[in-house]
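Heads up: the structure comes next, in structure tokens.
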Amino acid sequence: MVLADLTAGAVEDAQQRAVTRPLAEVERAALSRQPARDALAALAPADRVKIIAEVKRASPSRGDLASIPDPAHQASLYEQGGASAISVLTEGRRFKGSLADLEAVTTAVSLPVLRKDFIATPYQVLEARASGADLVLLIVAALEQPLLAELHALVLELGMTPLVETHSADEVSRAADIGARLVGVNARDLSTFELDRDLFGRVADRIPADAIKVAESAVLAPADVAHYRAAGADVVLIGEALVTGDPVATLGAFLAAGAPTEGESA
Ligand SMILES: O=P(O)(O)OC[C@@H](O)[C@@H](O)c1c[nH]c2ccccc12
């Protein structure tokens with residue numbers, strides 16, 4: 001199972017880092033950071049769709065996407081283009097990211113920043129905060145419910161916001177059960193890599209009314225943003241389409257497609 005392998009690899013890499021940087025040290029670093037930026041406020045539902053723009057060099061499904069020699073610069077362009085938050089892939093093996101990328105991005109922008117990785121241990125959550133993350137991705141399919149609840153609580157305790165990622169109605173229920181306030185639905189199944197842009201629309205009504213709804217993946221054109229908006233998304237998370245070309249212009253087109261249409265009462 002691909003998701004299990006990705007998670008096992010990420011946990012193994014974290015264990016390796018823990019050899020030279022023990023948990024107590026990472027905890028101290030995490031607690032000495034400036035407080036996390038308020039992601040729920042930044043992503044609060046508005047009349048138009050908000051965008052989380054992602055720094056991603058490669059992925060197991062798409063291979064190499066862009067070299068992104070300067071992730072801080074890339075993130076600055078996203079901020080300039082009107083993104084509401086930034087996502088940074090920190091997984092090294094298949095996505096070619098790192099915690100250094102995350103740290104560089106949080107320094108360069110004033111937006112909340114998500115650590116996008118395969119998180120399954122408290123150590124990885126502490127590392128996220130120690131590197132300046134404001135949000136942490138938790139993938140429901142990768143975690144047993146008690147561990148999901150434990151990590152969710154730890155993210156909150158550290159003042160960060162968990163983005164709880166789901167792939168089915170059942171997983172949305174599990175997110176609701178732990179009181180998730182920011183729920184993502186990923187169009188890409190992380191085990192088969194199959195894309196289903198309509199999954200969000202099928203499960204959106206299961207997301208608790210007080211949670212922010214995030215549609216993740218498969219936005220390649222402005223029409224895809226409009227599609228997700230019509231299906232009830234408050235926020236879309238976009239990677240691939242932003243890492244090449246002119247991200248400021250692309251974001252402008254995506255934001256326009258997520259705005260209310262003429263005649264529509266906001
Ligand atoms: O590049 P896309 O199709 O715009 O997708 C972005 C984002 O949703 C995707 O990178 C993603 C969603 N969930 C993840 C979990 C792990 C790694 C990556 C992801």
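Only this structure's heavy atoms are used, side chains among them; waters, hydrogens and symmetry mates stay out. When a ligand or atom number is given, it counts from 1 through the structure's own listing order.
Considering each of E91, K116, R62, E216, the one bringing a non-hydrogen atom nearest atom 9 (C) of ligand 1 is K116.
Between the side chains of E171 and T166, no donor-acceptor pair is found at a separation under 3.5 Å. Counted by atom type alone, E79 and S76 present zero donor-acceptor pairs between their side chains at under 3.5 Å.
In terms of protein heavy atoms, atom 16 (C) of ligand 1 is closest to F118 CZ, 3.4 Å. With hydrogens left out, the protein atom closest to atom 10 (O) of ligand 1 is E54 OE2, 2.5 Å, a heavy atom. Regarding atom 17 (C) of ligand 1, its nearest protein heavy-atom neighbour is F95 CZ, 3.5 Å. In this structure, the protein non-hydrogen atom closest to atom 4 (O) of ligand 1 is G239 N, 2.8 Å. Ranking the protein heavy atoms by distance from atom 13 (N) of ligand 1 puts E165 OE1, 2.7 Å first. Of the protein's non-hydrogen atoms, S217 OG, 2.7 Å is the one closest to atom 8 (O) of ligand 1.
Below 4.0 Å from some heavy atom of K56 lie the following atoms of ligand 1, by number and element: 1 (O), 2 (P), 5 (O), 6 (C), 9 (C), 10 (O). Near L237, meaning under 4.0 Å from one of its heavy atoms, ligand 1 places the atoms 6 (C), 7 (C), 8 (O). Near I238, meaning under 4.0 Å from one of its heavy atoms, ligand 1 places the atoms 4 (O). In summary, the atoms of ligand 1 found under 4.0 Å from a heavy atom of E240, numbered by their order in the structure, are 1 (O), 2 (P), 4 (O).
Electrostatic pairing of R17 and E25 does not count as a salt bridge here, judged by no charged N lying under 4.0 Å from a carboxylate O. Salt-bridge check for R188 with D196: failed, with every basic side-chain N at 4.0 Å or more from each acidic carboxylate O. With respect to the salt-bridge test (charged N to carboxylate O, under 4.0 angstrom), the residues R115 and E127 qualify.
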Under the salt bridge (Lys or Arg N to Asp or Glu O under 4.0 Å) criterion, do K96 and D64 qualify, and how do the steps go? CA-CA 9 Å; K96 303 190 178 175; D64 286 340; 2.7 Å; yes
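Between F95 and F118, the ring-plane angle classifies as tilted under the 30° and 60° cut-offs.
For the pair L137 and ligand 1, the shortest N or O to N or O distance does not fall below 3.5 Å. Looking at ligand 1, you'll find an N or O of A218 within less than 3.5 Å of one of its N or O atoms.
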Enumerate, atom names and distances included, each donor-acceptor pair closer than 3.5 Å involving a side-chain atom of residues 211-219, sequence neighbours excluded.
unit_1	atom_1	unit_2	atom_2	d
S217	OG	N186	OD1	2.5

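A donor-acceptor pair under 3.5 Å links the side-chain atoms of E91 to the main chain of R93, judged by distance alone.
Within the 4.0 Å heavy-atom cutoff, L190 counts among the residues contacting ligand 1.
Neither the backbone nor the side chain of L6 has any atom closer than 4.0 Å to an atom of ligand 1 (non-hydrogen atoms only).
For the side-chain contact (heavy atoms from CB on, under 4.5 Å) with K116, the lone residue among L237, I139, L102 that qualifies is L237.
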